[in-house]
Structures are given as structure tokens and as C-alpha cells.
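Everything quoted here is computed from the prediction, not taken from an experiment. Start at 1 and go down the list; that is how both ligands and their atoms are numbered.
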Amino acid sequence: MADQKTDPVYHREGQLYAHTTTLSSMAPLSSLPASTQPLFKPPTDTTKTPYIVTCPSTIFHAQGGGQPSDVGTMTLAAPGPHGNDATFTVRQVRKVDPAGAILHLGTFEPEPEQPQPQLGLGLQVRQAVHVPTRVLHSRLHTAGHVVGLAIHLLSRAGEAGLPRDLSDGKASHYPGAAFVENVGLIPGAAKAGIQDKVDELVARDLGVAICFWTGEEARDKCIGGLDGAAVGAGEEVRVVDIGGLGSYPCGGTHVGCLKELGRVVVRGIKRQKGISKVSYEVVDG
Ligand SMILES: [Zn+2]
């Protein structure tokens, strides 16, 4: 299953929360190759057997790019004489490689009788992401772009005491631990100026657009270029554009416009080894 490709529907439709597809494979986590199993943390809060399910397409965001994986359910029309539906609770979603299979780890209710390696293949699957979790992840992720963009705009203009030679670094959008990093030193006194710029961008309710650009276009137009992403000839790059003011190569999910963020609060600025880390959170507006 690990060498199949999965269509990441969420790349094109980031606000699609239910989707019907089919079952490509299901197998206990323990049957995966030893190289693939460490992608997952075996769940400790259940005595049920963890399974890995794949489908030709998915709306479940796979962990990556600083964004946690989605959770939710898949409902399968069960095979066999009784025809009862089975519910698969999706707990962790991982990609095998950047363009490869997307694997869903979860548990079944009722549990399949083992061994049934071919159970239900080709069955219809109804996917449903847990909407409040997805919305929070999309808000935090988009807010990270907005904080990064605010810093970029201030830096280029030499405003709020920011140096002009800052460049984008790593980012994480996990609830309670969200931050963006910049290479260069952002003084602590710049916090209020960054907050003001973030508030201004959110108040303008800028649109968030997903574009598919050639590698060349993305390299030229994105802040920070391709950000280390390898792009093959003829391959498209998925880009998120914030109101025409800044664009970034990105595989995550986003809100449609900035008013959906609520209030983005800049929490603090820490500097270490030439890197500045700006932490933030989102609160209901
Ligand atoms: Zn993004």
C-alpha cells in the first residue's frame, strides 16, 4: 500500500469536510514494513488493534509543513452476510513520501475478524473530518503566514525597528505551540509593531488563494523562493497567496479570507543563535 499514490483532495478543496471514495487497502499497523511503521505512534488509549487504511483520494490532511494531521471518521459499508456498517476512527494521517501514499491510522468499530487481509476492498467509504479540529488547524496555519507576511513587509520597509535582512525560516502551527522563525535578529521591542501590522492585514480581510504555479514562477514570486522544495521539470507547485501581498509554497489547509482568523495574538519573540522565533496564537475575534 505504501507505494500507491493518494490524491490529496484537500490540496484543491481545503474546506471540503465530507467526501465519498473507496477502500484501497486495510491492514494492521503491525503488518506494515519496518521502515513505514515508525511514521506512527501506536495509540495508547485503546485496546483495539490499530489499522492502516488507504483510499484513492482523501480529504484528511496528512501531518506535515508544521500542520498536525486531521482526525475524523470513515464509514464503510461492511461486507458479509450481516451488512452492518463499520466505523473507522481516524487518529493519525501520514504521508509515506512527499508525493506518495497517504496512510490513515485508526481503529474499527466493530473490529474486523482477523485475518481478513482482503476485507472490504473496493467498498464505498464515506470520509468525514472533525470540523472544529480542521478549522482550528486552518486558522493557526493561515495565521502563521500572516505573522510571517507582517514581519516581511515591516522588514522590507525598515519599519517597527526590524532589520532589512530578515529571511523566512521554519514554522509550526500546532495548537498551543505555534511560531514562525526568521533568520536574523528581531528586537523584543518590535512586538507591538508586528501586532499592529498583523491586525491591519486581518482587518483588511484579505483573500487567501490557492494557486498551482510552475517551479520557475514559484521560485520568482514566492517570498523565500521555493523554500528548499525540489520541483521536477513540468511539475506544478502548490502556492498560497495572501491578498496578492505575499505567496508561499505550501501543502496545508487555510481559511478562505482573513476575517475567519478571529484575532491573531503575537505572544513573544525569542532570539537564539541568529534565529528569531515569534510565537502566536488565534483567539475568537
Ligand atoms: Zn500554508
A.B. asks: Quick one: give me the number of protein N/O/S atoms under 2.8 Å from the Zn ion (ligand 1).
C.D. replies: 4
A.B. asks: Could you list the residues that satisfy side chain to side chain contact (heavy atoms under 4.5 Å, CB included) with Ala178, not counting sequence neighbours?
C.D. replies: Leu140, Tyr280
A.B. asks: Would you mind listing every side-chain hydrogen bond (donor to acceptor under 3.5 Å, both in side chains) that reaches into residues 243-261, with sequence neighbours excluded?
C.D. replies: Gln67-Thr253, Ser138-Thr253, His141-His254, His145-His254
A.B. asks: If only atom types and distance count, is the side chain of Lys95 paired as donor or acceptor with the main-chain N or O of Gly100 below 3.5 Å?
C.D. replies: no
A.B. asks: Working to the nearest 0.5 Å, report the span between CD of Gln63 and CZ of Arg94.
C.D. replies: 3.5 Å
A.B. asks: Can you name the residues that form a salt bridge (charged side-chain N to carboxylate O under 4.0 Å, His left out) with Glu109, not counting sequence neighbours?
C.D. replies: Lys48
A.B. asks: May I ask you to check whether Ser155 and Arg164 show a side-chain donor-acceptor distance below 3.5 Å?
C.D. replies: no
